[in-house]
Each structure stands twice: as C-alpha cells, then as structure tokens.
Amino acid sequence: HADFSVSVVGRKLGNTALHEASRHAFALAVKALLDSGANVNAIDGNGQTALHLLANRNAFDGSDSSVYLTERILLEHGADPLIVDHFGRTAAHTNVSSALYVAAEFGEIDRVKKLVTEYPDSVNAPAGWEDTALHEAGRHGHREIVAYLMDHGANVNALDYHKTSPIMWAFKPERHVLWIENIDADNGYREDQSLAPGSVRTREIANILLQHGAHVETDNRSVSMALIFAIDAGDTTAMSMLLAHGVDPNRPRYDYQNDS
C-alpha cells in the first residue's frame, strides 16, 4: 500500500490536510499533523497557508475557543502571519486584531511588536468579545506587552463586551493558560500559579494602566470592580493604590456579568 503523507495535496485548490483541519479549527488534528511533520507554512492554490484559512473562519466565528486554540498551536509551530497570498493579503491582514489578541494573550512580545509595526491601527482593534490586545495582555499578566502597547497608542480605557476596561481585568487575572505540551489533558489548559489576584505582577500592571490615565471617576464601572477584586484578594497594597487614585469606596459593586 502507498505510504500516507501528512503533506499530501488535494487536487482542487492544493489544500493539504493541515489546511483542512485548520479551516475547521480542529485543534487536536492540527497538532497531530504538525507533530507528524506537516509543513505549517505550506500554501494552497490561492497562496494561502493554514493560518489564512483559520483567519477567514475567525473573522466570522471569533468567539469560538477552538479557533483561538488552533491559532495558538499554528503560531507555536512557526506559522507566519505575514505571508502574502495571491490576493495581496496576509493572515494577519485578514484578521489582524485576532492575531494581535492571541499574541498578547500568550505573551509573545516579538510577535506583538511585529504586528503593531506592520499594522499600527490594530493596537485598538477589538477581537472576540470586543477585547483589545491590552485587555488580554493585562488579563494574562504580561507586563512588558502592556507597557509596549501603552507606548504605541493603546486606549487604556477601551471597553469590552461587558463594558469593562483593562484596569478591572488587571485585578482579576486569568490564571488558566494554554498548555500546548499537554493539549489532550484538561482541554489543553493548566493553571499559572504565579499569576493570582494580589500578586506583584497584577499590581505592576495596574500601576502602568493608572499612570497612563485609566479612569478613576466615580462612574467608572471597571475601577469600582477593580476595588472589589482587590478586596476579595486581600490585597491591601492594591486597595491603597486605587483609593489614592480617587476610587470611590462608596460606589456599589457592578455586576459586569449581568449587565442590562
């Protein structure tokens, strides 16, 4: 029988198995193909890579976690978001906000810099739940990326789907991060023990945001919730920081998850 090749090309558009798995955001299949030697930057008849096809899907289904996981796996294996297809588009150009969002989420400072340099207008472009790259960098504790984005025009008071700005998420960090090496267990996630409410990292990020003008008026929902999160974490240093910047301690808690 003929040997199976992970790089076998389809006749119609020149798609490989990796193109097809990426088009459908089948993360486990993508990882299996790449681990078996599939060419992550192979191009089809339109000059598009697997990342192009995933970006096309992401433009319509950006809230799907499988899309983000698949994108992360491709990038982890060296996918180049700046390869130009026959239409003059890169995967980043197709959905640059998503590419920057993912890079910020996973702390890939070099990729963040490359994307911002190539597409400076992407700094404040929303992705997914209208989060910006700054929301994600702050949420996942990437201080260097937060500082870089602020120095390159990021809107410190950008609002996401829940009408919350990055300062709130700095005090309620996301501790569950993708664990590519163990993708088959626990859906590919693990807990980052070094990133917790009240940690030095969260305070440093919050301080950067406050220094760059994060709103602290009494009508700011994000900051009122940041104070609640600091209290929940028992972080008296963060509480003092917020109060010193004018947060109203009498403002009622805002339920960002049940906004009406």
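Note: Leu75 CG to Thr70 OG1 = 11.0 Å, rounded to the nearest 0.5 Å. Rounded to the nearest 0.5 Å, atoms CG (Leu210) and NE2 (His215) are 11.5 Å apart. A distance of 10.5 Å separates CG of Leu149 from CD of Glu144, quoted to the nearest 0.5 Å. Distance check: Ile205 CD1 to Ile145 CD1 gives 9.5 Å after rounding to the nearest 0.5 Å. Here the straight-line distance linking atom NE2 of His245 with atom CD of Gln211 works out to 7.0 Å at 0.5 Å rounding. Atom CE of Met150 sits about 9.0 Å away from atom CD1 of Ile208, to the nearest 0.5 Å.
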Stepwise side-chain contact (heavy atoms from CB on, under 4.5 Å) test for Leu100 and Glu136
CA-CA 10 Å; Leu100 182 58; Glu136 284 305 287; over 6 Å; no

Could you go through Val40 and Thr49, starting from their C-alpha distance and side-chain angles, then the distance that decides it, and tell me whether this counts as side-chain contact (heavy atoms from CB on, under 4.5 Å)? CA-CA 8 Å; Val40 71; Thr49 65; over 6 Å; no

If you apply the rule side-chain contact (heavy atoms from CB on, under 4.5 Å), what do you find for His212 with Asp151, and how did you get there? CA-CA 9 Å; His212 282 83; Asp151 290 341; 3.9 Å; yes

side-chain contact (heavy atoms from CB on, under 4.5 Å) between Leu33 and Thr16, worked out
CA-CA 10 Å; Leu33 289 166; Thr16 65; over 6 Å; no

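Residues Ile83 and Leu34 are members of separate hydrophobic clusters, defined by side-chain heavy-atom contacts under 4.5 angstrom among Ile, Leu, Val, Met, Phe, Trp and Tyr. Cluster membership check: Phe26 does not share its hydrophobic cluster with Leu53, using side-chain heavy-atom separations under 4.5 Å among Ile, Leu, Val, Met, Phe, Trp and Tyr. Residues Val84 and Leu82 are members of separate hydrophobic clusters, defined by side-chain heavy-atom contacts under 4.5 angstrom among Ile, Leu, Val, Met, Phe, Trp and Tyr.
At a threshold of 4.5 Å between non-hydrogen side-chain atoms, the residues Asp85 and Asn46 do not count as touching. A 4.5 Å side-chain heavy-atom check between Val146 and His142 finds every atom pair outside the cut-off. Proximity of Thr117 to His152: side-chain heavy atoms (C-beta onward) are nowhere separated by under 4.5 Å. Looking only at side-chain heavy atoms (C-beta outward), Leu209 and Leu134 come within less than 4.5 Å of each other. Looking only at side-chain heavy atoms (C-beta outward), Gln48 and Asn15 stay at 4.5 Å or farther from each other. You'll find the side chain of Tyr148 stays beyond 4.5 Å of the side chain of Val123, heavy atoms only. Within the 4.5 Å cutoff, no side-chain heavy atoms of Val116 are placed close to those of Lys113. Within the 4.5 Å cutoff, the side chain of Glu71 has no heavy atoms near those of the Leu74 side chain.
Between Lys114 and Glu108, no side-chain nitrogen of the basic residue sits less than 4.0 Å from a carboxylate oxygen of the acidic one, so the salt-bridge criterion is not met.
Formation of a donor-acceptor pair under 3.5 Å by the His135 side chain with backbone atoms of Ala158 is found in this model. The backbone N or O of Gly153 lies less than 3.5 Å from a partner atom in the side chain of Asn124, making a donor-acceptor pair. With hydrogens and angles disregarded, a donor-acceptor distance shorter than 3.5 Å links the side chain of Asn157 to the backbone of Gly213. Of the possible polar contacts, none joining the Asp80 side chain to the Asn41 backbone as a donor-acceptor pair under 3.5 Å is found.
Closest approach of Arg23 to Glu20, counting heavy atoms only: NH2-OE2, 3.1 Å. Closest non-hydrogen pair, Ala50 versus Ser22, comes out as CB-OG, 3.3 Å. In plain terms, the two heavy atoms of Ile167 and Ala214 that are nearest each other are CB-CB, 4.2 Å. Residues Leu51 and Ala79 share a closest heavy-atom pair of CD2-CB, 4.0 Å. Closest approach of Ser165 to Leu159, counting heavy atoms only: N-CD2, 4.0 Å.
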